[in-house]
Student: 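I am attaching a structure below and will ask some questions about it afterwards.
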Amino acid sequence: MKLNLTKRQVTIFRSGKAFKSYPVAVGKDGWGTPVGEHEIKTMYRNPPWKNPFKGGVIPGGDPANPLGKRWIGFWTDDKNWIGFHGTPNRGSVGQAASHGCVRMYNEDVEELYELVKIGTPVIVHR
């Protein structure tokens with residue numbers, strides 16, 4: 001899959017041809033989504049969210065959970081993670097709005113989740 005940060009779009013490929021594209025939100029200034037060649041490392045349904053600044057956890061499935069219904073992690077520095085995830089903030093999709101993660105409409109990330117697997121390459125470019 002390829003993530004175009006400028007277009008704010010992720011595209012899935014099948015047999016070398018574009019198969020499906022989705023609009024996304026990407027990292028805002030100072031919190032850029034990491035450019036480069038990565039691969040999917042983790043995948044979760046209804047992931048819990050731990051606030052990295054204040055602590056505390058919002059359980060998976062809670063409407064207030066900022067990760068939405070799916071998590072597809074592709075980058076880590078062994079402390080922080082970056083991944084594709086749903087969002088309850090639909091207006092942020094198409095914007096540079098996150099702390100590096102790739103926000104998607106919940107229905108889109110649920111579909112994407114079924115199209116990829118651990119080890120799928122993720123190429124992030126501008």
Student: For K2, what residues pass the salt bridge (Lys or Arg N to Asp or Glu O under 4.0 Å) criterion, not counting sequence neighbours?
Tutor: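 K2 satisfies salt bridge (Lys or Arg N to Asp or Glu O under 4.0 Å) with no residue once adjacent residues are dropped.
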Student: List the atom of G68, the atom of P47, and the distance in Å for their closest heavy-atom pair.
Tutor: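 It is O-CD, 3.8 Å.
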Student: Below 4.5 Å, heavy atoms only, C-beta onward: do M104 and V10 meet side chain to side chain?
Tutor: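 The answer is yes; the side chains approach within 4.5 Å.
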Student: Scan for side-chain hydrogen bond (donor to acceptor under 3.5 Å, both in side chains) pairs involving residues 111-126, sequence neighbours excluded, and state none if there are none.
Tutor: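 Matches after skipping sequence neighbours: K20-E111, Y22-E111, R45-E114.
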Student: Of all heavy-atom pairs between G27 and A96, which one has the smallest distance, and what is that distance?
Tutor: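 Here G27 and A96 meet closest at O-CB, 3.6 Å.
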Student: Please give me the minimum heavy-atom distance between N80 and T76, naming the atom from each residue.
Tutor: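 Heavy atoms only, the tightest pair is O-OG1, 2.8 Å.
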Student: Under 4.5 Å between side-chain heavy atoms, chaining through other members, with only Ile, Leu, Val, Met, Phe, Trp and Tyr counted: pull out the rest of the cluster around I123, sorted by chain and number.
Tutor: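 Via sub-4.5 Å side-chain contacts, I123 links to none.
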Student: Tell me, please, which residues at least two apart from N51 pass side-chain hydrogen bond (donor to acceptor under 3.5 Å, both in side chains).
Tutor: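 By the side-chain hydrogen bond (donor to acceptor under 3.5 Å, both in side chains) rule, N51 matches no residue at all.
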Student: Under 4.5 Å between side-chain heavy atoms, hopping through other hydrophobics if needed: is there a path connecting I40 to W81?
Tutor: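 Per the 4.5 Å side-chain linkage, I40 and W81 are not co-clustered.
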Student: Is it possible for you to say whether I72 and W49 belong to one hydrophobic cluster, with membership spreading through side-chain heavy-atom contacts below 4.5 Å?
Tutor: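 Result: no, two separate clusters.
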Student: How close do I58 and P66 get, counting heavy atoms only, and between which atoms?
Tutor: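 So the two residues come closest at CD1-CD, 4.2 Å.
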Student: Return each pair, listed once, that meets side-chain hydrogen bond (donor to acceptor under 3.5 Å, both in side chains) where at least one residue sits in residues 84-101; pairs must be two or more places apart or across chains.
Tutor: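 Residue pairs passing side-chain hydrogen bond (donor to acceptor under 3.5 Å, both in side chains), neighbours aside: R90-E107, S92-R103.
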Student: Quick one, Y44 with L67, criterion side chain to side chain contact (heavy atoms under 4.5 Å, CB included). Give me CA distance, side-chain angles, the key distance, then yes/no.
Tutor: CA-CA 10 Å; Y44 299 106; L67 297 182; over 6 Å; no
Student: Should V24 and F19 be counted in the same cluster of Ile, Leu, Val, Met, Phe, Trp and Tyr side chains packed under 4.5 Å apart?
Tutor: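 Both belong to a single hydrophobic cluster.
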Student: Among residues at least two apart in sequence or on other chains, which ones pass side-chain contact (heavy atoms from CB on, under 4.5 Å) with S21?
Tutor: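 Partners of S21 under the side-chain contact (heavy atoms from CB on, under 4.5 Å) test: Q9, T11.
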Student: Report the residues that fulfil side-chain contact (heavy atoms from CB on, under 4.5 Å) with P23, sequence neighbours left out, ordered by chain and then residue number.
Tutor: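 Per chain and number, P23 pairs via side-chain contact (heavy atoms from CB on, under 4.5 Å) with V93, Y105, D108.
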Student: Checking one residue: F53. Which other hydrophobic residues are in its cluster under the side-chain 4.5 Å linking rule?
Tutor: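 Joined to F53, directly or through intermediates: W31.
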Student: Considering non-hydrogen atoms only, spot the tightest contact between I118 and K41 and give its length.
Tutor: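 Closest heavy-atom pair between I118 and K41: CD1-O, 3.4 Å.
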Student: If hydrophobic clusters are built from ILVMFWY residues whose side chains come within less than 4.5 Å, do V35 and V26 share one?
Tutor: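 As far as the 4.5 Å side-chain criterion goes, V26 and V35 are connected within one cluster.
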Student: I'd like to check F84 versus M1 (side-chain heavy atoms, cut-off strictly below 4.5 Å). Are they in contact?
Tutor: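 Yes, close enough: below the 4.5 Å cut-off.
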Student: Identify, with sequence neighbours excluded, every residue that meets salt bridge (Lys or Arg N to Asp or Glu O under 4.0 Å) alongside E37.
Tutor: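 With neighbours one apart ignored, the set is empty.
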Student: Going by side-chain hydrogen bond (donor to acceptor under 3.5 Å, both in side chains), name the residues that satisfy it together with N46, two or more places apart in sequence or in a different chain.
Tutor: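 In terms of side-chain hydrogen bond (donor to acceptor under 3.5 Å, both in side chains), with neighbours along the sequence ignored, N46 is linked to no residue.
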Student: Considering only residues two or more places apart or on different chains, which pairs with a residue in residues 56-72 satisfy side-chain hydrogen bond (donor to acceptor under 3.5 Å, both in side chains)?
Tutor: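 Pairs touching residues 56-72 that pass the test: T42-W71.
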Student: Return the set of residues passing side-chain contact (heavy atoms from CB on, under 4.5 Å) with P34 (not counting sequence neighbours), or none when no residue passes.
Tutor: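 By the side-chain contact (heavy atoms from CB on, under 4.5 Å) rule, P34 matches H38, W75, I82.
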